[in-house]
Amino acid sequence: MKRVVVTGMGAITPIGLNVEDYWNGLKEGKIGFGEITRFDTTDYKVHLAAEVKGFQGKDYMDFKAAKRMELFAQYAVAAAKEAIEQSGLDMEKEDPFRVGCSIGSGIGSLQAVEREHTKLVEKGPNRVNPLMVPLMISNMAAGNVSIQFGLKGKSINVVTACATGTHSIGEAYRTIQFGDADVMIAGGTEASVTPLGISGFAALTALSTNPDPERCSVPFDKERSGFVMGEGSGVVVLEELEHAKKRGAKILAEVVGYGATSDAYHITSPAEDGEGAAKCMENAIKEAGIPLEDVTYINAHGTSTHHNDLFETRAIKKLFGDHAYKLKVNSTKSMIGHLLGAAGAVEFIACVKEIENSYLHETVGYKVPDEECDLDYVTGQGQEMEIEYALSNSLGFGGHNASLLIKKYHE
């Protein structure tokens, strides 16, 4: 089994259009929540989202190429560009069939669906854009990244709702472990702040209706009332260790465990006893061959919904027992909301930066303790802490669970 390391990262988020700005925002406790600007929300129950601000696709790629991509794919290409540039990967020196892509999107382009449906209803079927399908479908994030950067190896689009980003990185990790690629560009992307996206999740009562940006996304807080829709992309370069060392790449961290399970329970709710998520975390830790006590930090899925935060807390306690109360647990969604298919990827990036900087970001906005959510959620302020292992969790509609164990790199 080959060792797999991280050599590059890229991010488009509601609090920064690159990794450094994103990381500085996390350290500062910056929130990305505000009134939705993409459309008029007068008749909607929900008025806040975590929108990406100031993004222009033409800043990252040829204008004509950007015109043939929907926003979710543009975000992915932009994040991939940053990740590849940081890694120093030179495709002219690589066998392109040994460099692959695993970038998922939970939904694809709702913008294309809405736009073309309006044309269909108002102008008839012959006015629908011939490119509607290749613009809309979720695999076009991976497809466009592969095209833009000449990646001819395995190209896949994992779709597991809110676990998409974590599964995408996990499957890329497995691909390299088993020798099917030397390098994988991996992550997730999403752009669903649209009328249909907001109204659909609101109808499901999954979204927070709290109008206060300071209190709309408060994971593990007793007054939590739902998640806030975010958008953006996180992409990382995963690489086989010897390949990275041979070309002199700077190694940021090592991936040492991947767990994937299903609750087989409910289409939206996690299992109430946390069994599926607990087994998922256990599998990732077992793969690394370390005792549970060596894990001291978890980046939680932490959506700010009642069920998720309670059942994820139960899962952590179910697996770790008394050690659960010695763990540090935080939620990146307290600042950037829920990026759906991109969530796990940007949270993976947060973990790597926390390991690099020996610093845990705060779970921002937490004020009211919940007696059933009784772990250390890094509240009040961030904390300096040496981190050897970071465990990142994602739980998706349909019962999809994914966990990645990231380790500080040592020779």
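None of these values were measured; they are calculated from a predicted model.
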Q: Show me, pair by pair, the donor-acceptor contacts under 3.5 angstrom made by side chains of residues 133-140, not counting sequence neighbours?
A:
| unit_1 | atom_1 | unit_2 | atom_2 | d |
| --- | --- | --- | --- | --- |
| S138 | OG | N157 | ND2 | 2.8 |

Q: State, with a plain yes or no, whether a side-chain heavy atom of V295 is found less than 4.5 Å away from one of F320.
A: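 In contact.
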
Q: One thing to verify: whether K2 and E242 come together as a salt bridge, which I'm taking to mean a side-chain N less than 4.0 angstrom from a carboxylate O.
A: no

Q: Please indicate whether K245 has more than 12 foreign heavy atoms, meaning atoms of other residues, nucleotides or ligands, lying under 6.0 Å from its NZ.
A: yes

Q: Decide yes or no on side chain to side chain contact (heavy atoms under 4.5 Å, CB included) for V5 and L252, but give the supporting numbers first.
A: CA-CA 7 Å; V5 294; L252 308 178; over 6 Å; no

Q: Tell me whether R174 is salt-bridged to E287, with the criterion being a basic N under 4.0 Å from an acidic carboxylate O.
A: yes

Q: Check whether the side chains of T42 and D40 place a donor and an acceptor atom closer than 3.5 Å, and report yes or no.
A: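 Present: a donor and an acceptor within the cut-off.
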
Q: Counting only heavy atoms not in K53, do more than 12 fall under 6.0 Å of its NZ?
A: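 Yes, the 6.0 Å shell around NZ holds more than 12 heavy atoms from other groups.
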
Q: Has R224 got a side-chain atom pairing as donor or acceptor with T305's backbone, closer than 3.5 angstrom?
A: yes

Q: Checking R98 side chain against V183 main chain: does a donor-acceptor pair fall under 3.5 Å?
A: no

Q: Return a table of donor-acceptor pairs under 3.5 angstrom between the side chains of residues 59-66 and protein atoms on other chains or two or more places apart.
A:
| unit_1 | atom_1 | unit_2 | atom_2 | d |
| --- | --- | --- | --- | --- |
| D62 | OD2 | K64 | N | 3.0 |
| D62 | OD2 | A65 | N | 3.2 |

Q: Before you tell me yes or no, could you show the steps for V6 and L238 under side chain to side chain contact (heavy atoms under 4.5 Å, CB included), namely the whole-Å CA-CA distance, both residues' side-chain angles and the distance that decides it to 0.1 Å?
A: CA-CA 5 Å; V6 183; L238 298 187; 3.8 Å; yes

Q: At what distance, to the nearest 0.5 angstrom, does CG of L327 lie from CD1 of I298?
A: 5.0 Å

Q: If you measure only the distance, is there a donor-acceptor pair under 3.5 Å linking the side chains of E239 and S87?
A: no

Q: Quick one, L89 and T7 - any side-chain contact, counting heavy atoms below 4.5 Å?
A: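 Result no, sub-4.5 Å side-chain heavy-atom pair not found.
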
Q: For a 4.5 angstrom cut-off between non-hydrogen side-chain atoms, does K119 reach M132?
A: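 No, too far: nothing below the 4.5 Å cut-off.
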
Q: Within the 4.5 Å heavy-atom criterion, are I198 and M229 side-chain neighbours or not?
A: yes

Q: Minimum heavy-atom separation for Y44 to P195, with atom names?
A: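 It is OH-CB, 3.2 Å.
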
Q: Got a second to check how far S358's OG is from M385's CE, nearest 0.5 Å?
A: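 Result: 9.5 Å between the selected atoms.
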
Q: Just by distance, no angles: are the side chains of H306 and E372 close enough, under 3.5 Å, to form a donor-acceptor pair?
A: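 No, E372 and H306 have no side-chain donor paired with an acceptor closer than 3.5 Å.
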
Q: In Å, rounded to the nearest 0.5 Å, how long is the span from CD of E28 to CH2 of W23?
A: 11.0 Å

Q: Once rounded to the nearest 0.5 Å, what's the spacing between atom OG1 of T13 and atom CD1 of I349?
A: 9.0 Å

Q: Apply side-chain hydrogen bond (donor to acceptor under 3.5 Å, both in side chains) to H307 and list each qualifying residue two or more places apart in sequence or on a separate chain.
A: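 Partners of H307 by the side-chain hydrogen bond (donor to acceptor under 3.5 Å, both in side chains) criterion come out as none, since no residue qualifies.
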
Q: Report, as yes or no, whether the 6.0 Å neighbourhood of atom NZ on K152 holds more than 12 heavy atoms from other residues, nucleotides or ligands.
A: no

Q: Would you call E190 and E231 a side-chain contact if the rule is heavy atoms closer than 4.5 Å?
A: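 No, side chains not in contact.
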
Q: If you compare all heavy atoms of A277 against all heavy atoms of L395, which two are closest, and at what distance to 0.1 Å?
A: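 Looking at all heavy atoms of both residues, the shortest contact is CB-CD2, 3.9 Å.
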
Q: Taking all non-hydrogen atoms of both residues, which atom of Y173 and which atom of G257 are closest, and how far apart?
A: OH-N, 3.5 Å

Q: Would a 4.5 Å heavy-atom cut-off, applied to side chains only, mark F311 and D263 as touching?
A: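 Counting from C-beta outward, F311 and D263 never come under 4.5 Å.
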
Q: Taking it one step at a time, do E272 and R314 satisfy side chain to side chain contact (heavy atoms under 4.5 Å, CB included)?
A: CA-CA 8 Å; E272 294 185 14; R314 287 177 181 171; 4.1 Å; yes

Q: From I387 CD1 over to K408 NZ, what is the distance, rounded to the nearest 0.5 angstrom?
A: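 I387 CD1 to K408 NZ: 8.0 Å, rounded to 0.5 Å.
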
Q: Run the side-chain hydrogen bond (donor to acceptor under 3.5 Å, both in side chains) test against E82 and tell me which residues pass, sequence neighbours left out.
A: none

Q: Between the main-chain N or O of A300 and the side-chain N or O of N393, is there a donor-acceptor pair closer than 3.5 Å?
A: no

Q: Applying side-chain hydrogen bond (donor to acceptor under 3.5 Å, both in side chains) as the test, list every pair that has at least one member in residues 248-262; sequence neighbours left out.
A: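 Found R3-E254, E171-Y258, T261-N401.
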
Q: If you measure from OG1 on T189 to CD on Q74, what distance do you get to the nearest 0.5 Å?
A: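 Result: 10.0 Å between the selected atoms.
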
Q: Report yes or no: does S168 contribute a side-chain atom to a donor-acceptor pair with the main-chain N or O of G188 at less than 3.5 Å?
A: no

Q: For residues 328-341, dump all side-chain donor-acceptor pairs below 3.5 Å to protein atoms at least two apart in sequence or in another chain.
A:
| unit_1 | atom_1 | unit_2 | atom_2 | d |
| --- | --- | --- | --- | --- |
| K328 | NZ | D376 | OD2 | 2.7 |
| K328 | NZ | Q383 | OE1 | 3.0 |
| N330 | OD1 | Y297 | OH | 2.8 |
| N330 | ND2 | Y297 | OH | 3.4 |
| N330 | ND2 | E354 | OE2 | 3.2 |
| N330 | ND2 | H361 | O | 2.9 |
| S331 | OG | G302 | O | 2.7 |
| S331 | OG | K333 | N | 3.3 |
| T332 | OG1 | N299 | ND2 | 3.0 |
| T332 | OG1 | H361 | NE2 | 2.9 |
| K333 | NZ | H301 | O | 2.6 |
| K333 | NZ | H301 | ND1 | 3.3 |
| K333 | NZ | E347 | OE1 | 3.3 |
| K333 | NZ | E347 | OE2 | 2.7 |
| S334 | OG | S331 | O | 2.8 |
| S334 | OG | V364 | N | 2.9 |
| H338 | ND1 | L340 | N | 3.0 |

Q: Show your working on salt bridge (Lys or Arg N to Asp or Glu O under 4.0 Å) between K246 and E240 and close with a plain yes or no.
A: CA-CA 10 Å; K246 187 175 180 180; E240 192 272 321; over 6 Å; no

Q: Do S208 and S225 have a side chain donor and acceptor closer than 3.5 Å?
A: yes

Q: Would you please classify the geometry between the Y377 ring and the F220 ring as parallel, tilted or perpendicular, with 30° and 60° separating the classes?
A: parallel

Q: Please report the closest heavy-atom contact between A49 and I36, naming both atoms and the distance.
A: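 Minimum heavy-atom separation between A49 and I36: CB-CG1, 3.6 Å.
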
Q: Side chains of S403 and N283: does their closest heavy-atom pair fall under 4.5 Å?
A: no

Q: List the atom of P211, the atom of L48, and the distance in Å for their closest heavy-atom pair.
A: O-CD1, 3.5 Å

Q: Between D221 and R215, does the side chain to side chain contact (heavy atoms under 4.5 Å, CB included) criterion hold? Intermediate values first, please.
A: CA-CA 10 Å; D221 188 295; R215 294 289 293 162; 3.0 Å; yes

Q: With the side chain counted from C-beta on, respond yes when Y22 and I15 share a heavy-atom pair under 4.5 Å apart, and no when they do not.
A: yes

Q: Counting distance only, does the side-chain N/O of D309 pair as donor-acceptor with the main-chain N or O of P219 below 3.5 Å?
A: no

Q: Using atom types as modelled and distance alone, determine if a side-chain donor or acceptor of Q111 lies under 3.5 Å from a backbone N or O of L71.
A: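 No.
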
Q: On a heavy-atom basis, which atom in S109 and which in A112 lie closest, and how many Å separate them?
A: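 What the structure gives for the nearest pair is OG-N, 3.0 Å.
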
